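Okay, so here's the structure we're looking at.
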Amino acid sequence: MGVRNQIRFLLNDEEVRLKDLSPDLSLLDYLRLNKDLIGTKEGCNEGDCGACTVLVGKLVAGRLIYESVNACIRFVPSLDLCHIITIEHLKRNDVLHPIQQAMVEYHGSQCGFCTPGIIMSLYALLLKDPNANKYEIEKALQGNLCRCTGYAPIIKAALSLSKSGGLQNDILLKQREEIEQKLNNMFDGNRVEIISEKGEFFIPQDIADLVLLLEQSPNATILAGSSDIGLWVNVAHKDISPIIFIANLSELRNISQSTKGIEFGACVTYSEGFEMIAKHFPHLSEFWVQIGGNQIRNMGTLGGNIANGSPIGDLAPAFIALGAKLNLVNGKIERTILLEDFYIAYGKQDLQKGEFIKSIFIPFIKENEKHAIYKISKRKYEDISTVCAAFKLEIENKKITKAIFAFGGMAAKPSRAEETEKALEGKTFNEENIKKASLELPNDFAPIDDVRSSAQYRMLLAQNLLYKFFTEQKHEQ
Ligand SMILES: Cc1cc2nc3c(=O)[nH]c(=O)nc-3n(C[C@H](O)[C@H](O)[C@H](O)COP(=O)(O)OP(=O)(O)OC[C@H]3O[C@@H](n4cnc5c(N)ncnc54)[C@H](O)[C@@H]3O)c2cc1C
Ligand code: FES
Ligand code: FES
């Protein structure tokens, strides 16, 4: 097996090769402090405000795709074989880029601090969807905060471009083949090892190599999209070396479908998973775009969300209610467990040292099943749940034969409401029974008071969401 001791990527028009770098150096610090590319701004440094948005292009099945990401929580070594585009790349020969020009014409900027990030988010959108509509534009801007202009002029600027046919002459589209070729030339199929006194960063060449690395370093930090880990570094100042970066592994990025359901590789991002979710679980589409903002959905992986085990993570309740299973790998041992059994206690998951999540299997919903998920947060987008509730009922001959109700934000771990479920089994799906069952919720949960809400509010929410589920589903009986 070959080893490369160098990170290679393209930064705007430049080819970069780095050997000696800290494994947790953020892309934002690298751009501003090492490359003097200060158009990319630092706002929150926590992935929340979008001021640091840049584009990251990567080859997906041989085709170059650009996505918006938050540079503050993306580590430089994880950009191996990528093309990074910053705001400085847009204005060429002293001529503003069409998006910049539209922002000027529609008065889309006041103090200007958010503006580079907003332009980069719109750039990513219009490259992918030249005729994006208002909804798509709003979705692309979920992760960009502007405190002074307001969004109306910004949206008008974006709409003016999408209505006039987008960015046909854009340099990134014209140079696509050339850039693809450059990235292909950089690829050598080797493991990457960056080892210095600043720490260690590994990129395994394939799954077998990942297993090997984890056997050698079972305490290493497994890094996927870094949307949780970025905060461990920036906010908690945690030392996360040695790091094993897994999000480049194609075996962990597969999505496959069988007659029974869909298997998502652990490193499928929310954005990559959206199409399959929208096709097979259309009622989850709106919930899916309530996870983070667009940049977070481009970075965050399904496996990362599940492994992180936050009691207010959104995928756990959604997938537990659907009966999801995890495929875990530890050395030569591969095992499958129900997702609900993965969560043991606060911060404790059924994940051994050196073990990783390979894939997540989501069974299809059967005809006699009803399923819904509700996320309640202070802000609709780019916010963590106060309570997330997912309900699934199996109904035969008007009687409930099985109930699975899974909640986030109600306990120290994502949990099922077993007493409430029991109260409904064998009963008719009607208002009286639902109201009676909701009185069991205090027997299932004793939620906490915290900055997001009081315990009392959480309980009331949980009860009302069960009732909402009933009112939405009753007509479909
Ligand atoms: C601004 C912002 C908004 C957010 N909004 C939401 C939201 O609305 N809802 C929500 O649920 N979350 C949200 N998050 C949290 C985060 O984005 C998700 O949990 C995300 O899915 C984590 O995935 P990742 O790939 O980025 O994980 P990483 O940060 O790379 O890793 C997270 C954890 O998972 C482990 N890990 C990763 N992959 C594997 C694997 N395959 N096997 C074993 N362990 C693994 C890592 O070691 C680490 O412990 C938000 C985060 C930010 C910064
Ligand atoms: S600085 Fe706010 S998202 Fe990066
Ligand atoms: S223009 Fe000032 S924050 Fe957006």
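Given the structure is predicted, the values throughout are model-derived calculations rather than measurements. Remember, it's 1-based here, ligands and their atoms both numbered in the order they're listed.
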- For ligand 1, is any non-hydrogen atom under 4.0 Å from Asp228's backbone (N, CA, C, O), its side chain (CB onward), both, or neither? both
- Task: Name the closest protein heavy atom to atom 28 (P) of ligand 1, giving the residue it belongs to and the distance to 0.1 Å.
- Result: Ser226 N, 3.6 Å
- Closest non-hydrogen protein atom to atom 42 (N) of ligand 1, residue and atom name please, with distance? Ile357 N, 2.9 Å
- Message: Tell me the contacting part of Ile246 for ligand 1: side chain, backbone, both, or neither, using a 4.0 Å heavy-atom threshold, strictly below.
- Response: side chain
- Short N-O contact, Lys378 and Asp383, less than 4.0 angstrom: no
- Query: Tell me: protein heavy atom nearest atom 12 (N) of ligand 1, and distance?
  - Reply: Asn305 ND2, 3.5 Å
- Query: Hey, is Asp383 one of the residues with a heavy atom under 4.0 angstrom from ligand 1?
  - Reply: yes
- Message: My understanding is that we take every heavy atom of each candidate and find the minimum distance to atom 24 (P) of ligand 1. Doing that for Gly225, Gly303, Cys267, which one comes out nearest?
- Response: Gly225
- Any idea which protein heavy atom is nearest atom 37 (C) of ligand 1, and the distance to it? Gly304 CA, 3.5 Å
- Message: Just to confirm my output: which protein heavy-atom neighbour is closest to atom 26 (O) of ligand 1, and how far is it?
- Response: Ser227 OG, 2.6 Å
- Take atom 4 (Fe) of ligand 3 and tell me which protein N, O or S atoms are nearer than 2.8 Å. Cys114 SG, Cys146 SG
- Message: Which of the numbered atoms in ligand 1 are under 4.0 angstrom from any heavy atom belonging to Ala224?
- Response: 25 (O), 30 (O), 37 (C), 38 (N)
- Nearest neighbour of atom 13 (C) of ligand 1 from the list Leu315, Leu214, Ile384, on a heavy-atom basis: Ile384
- Run the salt-bridge test on Glu334 and Lys358 with the 4.0 Å N-O cut-off and return the result as yes or no. yes
- Message: Can you tell me if, anywhere in Cys44, an N/O/S atom lies at a distance from atom 4 (Fe) of ligand 2 that is smaller than 2.8 Å?
- Response: no
- Message: Quick test: of every protein heavy atom, which one is nearest to atom 49 (O) of ligand 1, and how far off is it to 0.1 Å?
- Response: Trp232 CH2, 3.2 Å
- Message: Would Lys358 count as a contact residue for ligand 1, given that I'm defining contact as a non-hydrogen atom of the residue lying under 4.0 Å from a ligand atom?
- Response: no
- Task: If you have a sec, work out which protein heavy atom is nearest atom 45 (C) of ligand 1 and how many Å separate them, to one decimal?
- Result: Ala307 CB, 3.5 Å
- Query: Relative to atom 4 (Fe) of ligand 2, which among Cys52, Gly230, Gly143, Gly117 owns the nearest non-hydrogen atom?
  - Reply: Cys52
